[in-house]
Each structure stands twice: as structure tokens, then as C-alpha cells.
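The structure appears right after this line, and notes come after that.
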Amino acid sequence: MSSISIKMNQLQQIVQELEIHIIKFEISNPAVSSSTVGWQIEHCLLTINRIVDAILNSNPKDYKWKFSLSKFIVFTLSKIPRGRAKAPKVVQPKTYDMESLQKHVLIVKEKIILFDKMSSYQFFEHPYFGKLKKKDAIQFLCIHTKHHLNIIRDIVKQE
């Protein structure tokens with residue numbers, strides 16, 4: 001099994017865990033985060049959707065590697081520090097409810113499968129890390145979604 005397949009399986013499992021938390025979408029805990037469990041879930045789903053779409057629409061010929069210290073640190077530690085970055089507006093949830101979150105999870109599960117059809121040099125432009133080709137994008141999505149799952153777990157734990 002390739003490293004990309006392993007990461008894709010990991011991402012699918014992480015999305016399944018997000019799905020489990022949908023029933024708690026209204027729970028909040030200001031001591032942990034100013035947003036609800038639902039916001040965290042929808043943010044992750046929006047991020048995955050936007051990244052898959054960007055990669056699908058990218059031209060592999062336009063990919064150029066460039067060193068990024070912040071990418072190196074986050075990918076080496078497999079961890080995003082809390083409270084350091086603000087989500088871009090395009091992945092900030094506006095409205096969601098239990099039904100819309102459930103539908104969105106199904107869409108995301110289908111989108112993850114599309115990674116198999118992509119060239120390894122298709123990419124998306126991350127606001128802090130620069131151009132991330134398919135393999136790095138999958139790794140980023142795992143790190144990013146785990147980061148928000150940890151926030152969700154902490155919100156729910158305090159409930």
C-alpha cells in the first residue's frame with residue numbers, strides 16, 4: 001500500500017470521526033473555543049471540499065516546490081498550534097444544522113475518493129505553506145482535521 005493510500009485511508013477515518021460528532025453540533029465551550037462543535041465540523045468539511053476542488057482544477061505544469069519553514073515545522077510535528085492562524089473567509093462556516101452537516105459529510109467522502117484520479121503534481125496554494133502537491137495536501141488535511149477534532153473533543157469533554 002502506498003503512502004498516499006495510507007494517508008487517504010487515515011483521512012477517511014478522520015472524516016468518519018467528524019461524522020460521529022454531528023449529533024453534538026450545538027455544543028460549545030468558550031473556555032476551549034468561541035465556536036461550536038458544528039462550526040468545527042463544517043470548517044473541516046469546507047476545507048476538504050475547497051482543497052480537493054483546487055487540486056482538481058490545478059495544472060501540474062504550474063507546480064514549483066519552494067521551501068516553507070512553517071510547513072516544515074507543522075508537517076514534522078504533525079500538529080498545528082492552537083490560536084495561531086485564522087481560517088480564511090471561504091472556509092468559515094456561515095450556516096449549518098444537523099441535516100446539512102450530514103449531507104456535507106457524504107459529499108466530502110465522495111471528494112476524498114477523487115484523490116485517486118489526480119496527478120501527483122496537481123496542487124493547491126495554501127496561504128501559509130505555499131503550493132502543496134497531492135501527497136502533501138492529503139497530509140495537510142489529516143493534520144488540519146485532527147487539529148479540529150482535538151478541539152471538538154475538548155469542547156465535548158467539558159460538557
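Source: prediction; values computed, not measured.
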State, to 0.1 Å, how close [X] and [Y] come at their nearest heavy-atom pair, and which atoms those are.
| X | Y | result |
| --- | --- | --- |
| Met8 | Ile112 | CE-O, 3.7 Å |
| Leu18 | Ile152 | CD2-CD1, 3.8 Å |
| Val32 | Ile151 | CG1-O, 3.9 Å |
| Val91 | Ala87 | CG2-CB, 4.2 Å |
| Pro88 | Pro127 | CG-CG, 4.2 Å |
| Ile55 | Ala137 | CD1-CB, 3.4 Å |

Could you walk me through whether Thr95 and Ser100 pass the side chain to side chain contact (heavy atoms under 4.5 Å, CB included) check? CA-CA 9 Å; Thr95 61; Ser100 69; over 6 Å; no

Under a 4.5 Å side-chain heavy-atom rule over Ile, Leu, Val, Met, Phe, Trp and Tyr, are Ile48 and Val74 clustered together? yes

In this structure, would Leu46 and Ile143 fall into the same cluster of hydrophobic residues linked by side-chain contacts under 4.5 Å? no

Looking at Lys71 and Asp136, does any basic side-chain N land under 4.0 Å from a carboxylate oxygen? yes

Using a strict cut-off of less than 4.0 Å between a Lys/Arg side-chain nitrogen and an Asp/Glu carboxylate oxygen, indicate whether Glu17 and Lys146 qualify as a salt bridge. no

Does any N or O in the side chain of [X] come within less than 3.5 Å of the main-chain N or O of [Y], such that one atom is a donor and the other an acceptor?
| X | Y | result |
| --- | --- | --- |
| Lys134 | Phe115 | yes |
| Gln122 | Leu56 | yes |
| His147 | Pro81 | no |
| Lys7 | Phe140 | no |

Could you go through the side chain to side chain contact (heavy atoms under 4.5 Å, CB included) check for Leu101 and Glu42 one step at a time? CA-CA 7 Å; Leu101 290 170; Glu42 181 66 2; 3.4 Å; yes

Nearest-0.5 Å distance, [atom1] of residue [X] to [atom2] of residue [Y]:
| X | Y | atom1 | atom2 | result |
| --- | --- | --- | --- | --- |
| Ile51 | Leu132 | CD1 | CG | 7.5 Å |
| Leu45 | Gln40 | CG | CD | 11.5 Å |
| Gln139 | Ile6 | CD | CD1 | 12.0 Å |
| Ile22 | Glu99 | CD1 | CD | 11.5 Å |
| Ile113 | Glu110 | CD1 | CD | 7.0 Å |
| Ile107 | Lys111 | CD1 | NZ | 7.5 Å |

Take the angle between the ring planes of Phe25 and Tyr96 and call it parallel below 30°, perpendicular above 60°, tilted in between. perpendicular

Parallel, tilted or perpendicular, judged at 30° and 60°: which one describes the rings of His126 and Phe124? perpendicular

Is there a side-chain contact between [X] and [Y] in this structure, where contact means two heavy atoms from C-beta onward sitting under 4.5 Å apart?
| X | Y | value |
| --- | --- | --- |
| His43 | Thr47 | yes |
| Ile138 | Leu141 | no |
| Ile41 | His21 | yes |
| Val15 | Lys109 | yes |
| Asn150 | Arg82 | yes |

Flag for Thr36-Glu26: side-chain donor and acceptor within less than 3.5 Å: no

His104 and Asn49 side chains, donor-acceptor separation under 3.5 Å: yes

Is the count of non-hydrogen atoms from other residues, nucleotides or ligands lying under 6.0 Å from Lys94 atom NZ greater than 12? yes

Does the side chain to side chain contact (heavy atoms under 4.5 Å, CB included) test come out yes or no for Met118 and Val52, once each step is laid out? CA-CA 10 Å; Met118 297 177 196; Val52 171; 3.7 Å; yes

Run Lys135 and Ser3 through side chain to side chain contact (heavy atoms under 4.5 Å, CB included) and show every step you take. CA-CA 8 Å; Lys135 178 181 162 202; Ser3 65; 4.1 Å; yes

Residues clustered with Phe123, ILVMFWY side-chain links under 4.5 angstrom: Tyr63, Trp65, Phe67, Leu69, Phe72, Ile73, Leu77, Tyr121

Going by the side chain to side chain contact (heavy atoms under 4.5 Å, CB included) test, name the single residue among Pro93, Ser34, Ser33, Cys44 that passes it with Trp39. Pro93

